[in-house]
Amino acid sequence: MPKTPSEATFQRRFPAWFRCFSGRILLTGLAGFLSFSLNACALIKRPPVADLSRTPPQEIYRRVQHNFDKIHTLEGRGRLIVEVPGTQFAGRARILVKKPDSLFITAKAILGVEVGFFFADRKHFSSYSPFENTYYTGPVSQMHRLVLFEMQLPYEQLLYAILGTAPLRLDDSTRVKVVDNQYVFARPWGDYVMVQKIEPGKFVVSEALLVDRNGNIYVKQTFSRFRKIQGVWLPQIIRLFRPQTRERLTVYYEQVRINVPLKSEEFTFTIPENARRIRLNDQ
């Protein structure tokens, strides 16, 4: 077996200046590697932790409300799916929202066939269905009687579902706790309890539930795939579900613009002269 070179042999082959130089390279490289490793570890952010001792309910409320208040208008394009027992619609949609009282949706079927439009404010709605060639109008309490929007939802809840965010309310009846690393706000809502789950870090509502006194879910809203647009956290996917009636509304945004000027003529739709006109009154 070959012999290992002795220290004297090593010194003869490599002068002192080289040994010193190579040692410096080794030490410098080691220091650089350690520095890189430490910086890489620093770049790996730890997930935010929900902690009421550090972030009290008032601060959570302020941050969620601040994100909601920064939205004045919204223009979105994407997919719209409405599912009710015996009926399903899936197509393309353009959605306009002008807070606080204007919601306008135009929809087309998958093959580009015009499906119609839906407009609502806090008091009235109007809608046109080309399949029936019928123009519907009435108070918002009756909009669930439409073919496209058979879901029995109050206007405010529908607006929040389309907008992709839900404002919090904080009063003496609100109970706040941490569950599964989310802040949970719960408070009475008529005959129900409103439960809202907030993500730490982004401070957005990821889920909102209306639960009856027996713990049954009346309405469930989920917001997912959040993106930051002009300083505002907005979800890409919005789902609204009523388990008891198996009604489901899904909005999948592919393009979203916020706080852009929306002219009043953008909220209009031409009704054919030969269309039937039906007024849906309160019953």
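- In this structure, a donor-acceptor pair under 3.5 Å is present between the side chains of T134 and R276.
- The number of heavy-atom neighbours closer than 6.0 Å to CZ of R277, taken from other residues, nucleotides and ligands shown, is above 12.
- The main-chain N or O of Y183 is never found under 3.5 Å from a side-chain atom of K177 such that the two would form a donor-acceptor pair.
- Applying the side-chain hydrogen bond (donor to acceptor under 3.5 Å, both in side chains) rule to pairs touching residues 255-266 yields E75-R257, R94-E266, sequence neighbours excluded.
- Between the side chain of N214 and the backbone N or O of N216, no donor-acceptor pair lies under 3.5 Å.
- Side-chain atoms of V205 and V64, non-hydrogen and from C-beta on, do get closer than 4.5 Å to each other.
- Taking every heavy atom of both residues into account, A275 and Y128 meet most closely at CB-CE1, 4.0 Å.
- Remark: side-chain polar atoms of K220 are not paired, donor with acceptor, to backbone N or O of L210 under 3.5 angstrom.
- Taking a 6.0 Å sphere around CG of D171, one finds it holds more than 12 heavy atoms contributed by other residues, nucleotides or ligands.
- Here the CD atom belonging to Q196 is positioned 5.0 Å from the CG atom belonging to L168, to the nearest 0.5 angstrom.
- Between F267 and F119, the ring planes are perpendicular. Angles over 60° get that label, and only those under 30° would be called parallel.
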| message | If you apply the rule side chain to side chain contact (heavy atoms under 4.5 Å, CB included), what do you find for L52 with V178, and how did you get there? | response | CA-CA 8 Å; L52 288 172; V178 174; 3.8 Å; yes
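- The side chain to side chain contact (heavy atoms under 4.5 Å, CB included) check on T137 picks up S126, Y135, R279, with sequence neighbours excluded.
- No side-chain donor-acceptor contact under 3.5 Å links N67 to the backbone of V232.
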| Pair R92-R77, side chain to side chain contact (heavy atoms under 4.5 Å, CB included): steps then yes or no | CA-CA 8 Å; R92 314 292 301 178; R77 297 177 186 271; over 6 Å; no
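- Residue R225 qualifies as open at atom CZ: its count of foreign heavy atoms under 6.0 Å is 12 or below.
- Considering all non-hydrogen atoms of both residues, Q182 and S206 come closest at NE2-OG, 2.9 Å.
- The CG atom of L80 sits 6.0 Å away from the CD1 atom of I105 when rounded to the nearest 0.5 Å.
- Every residue two or more places apart in sequence or in another chain was checked for a side-chain hydrogen bond (donor to acceptor under 3.5 Å, both in side chains) with Q230, and none qualifies.
- In this structure, K197 fails the cation-pi test against F185, since its NZ or CZ atom is not both closer than 6.0 Å to the six-membered ring centre and inside 45 degrees of the ring normal.
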| query | Going through the checks in order, is the side chain to side chain contact (heavy atoms under 4.5 Å, CB included) test met by V193 and V195? | reply | CA-CA 6 Å; V193 176; V195 180; 4.0 Å; yes
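- The neighbour count for D172 CG, taken as heavy atoms of other residues, nucleotides or ligands under 6.0 Å away, does not exceed 12.
- Here the shortest heavy-atom pairing between F125 and S127 reads CD1-N, 4.4 Å.
- Expressed to the nearest 0.5 Å, how far NE2 of H72 lies from CD1 of I258 amounts to 8.5 Å.
- Between F117 and F269, the ring planes lie parallel to each other; the angle is under 30°, not in the 30° to 60° tilted range.
- The closest donor-acceptor contact from the side chain of N181 to the backbone of A50 lies under 3.5 Å.
- Note that CD of Q142 is 12.0 Å distant from NE2 of H124, once rounded to the nearest 0.5 Å.
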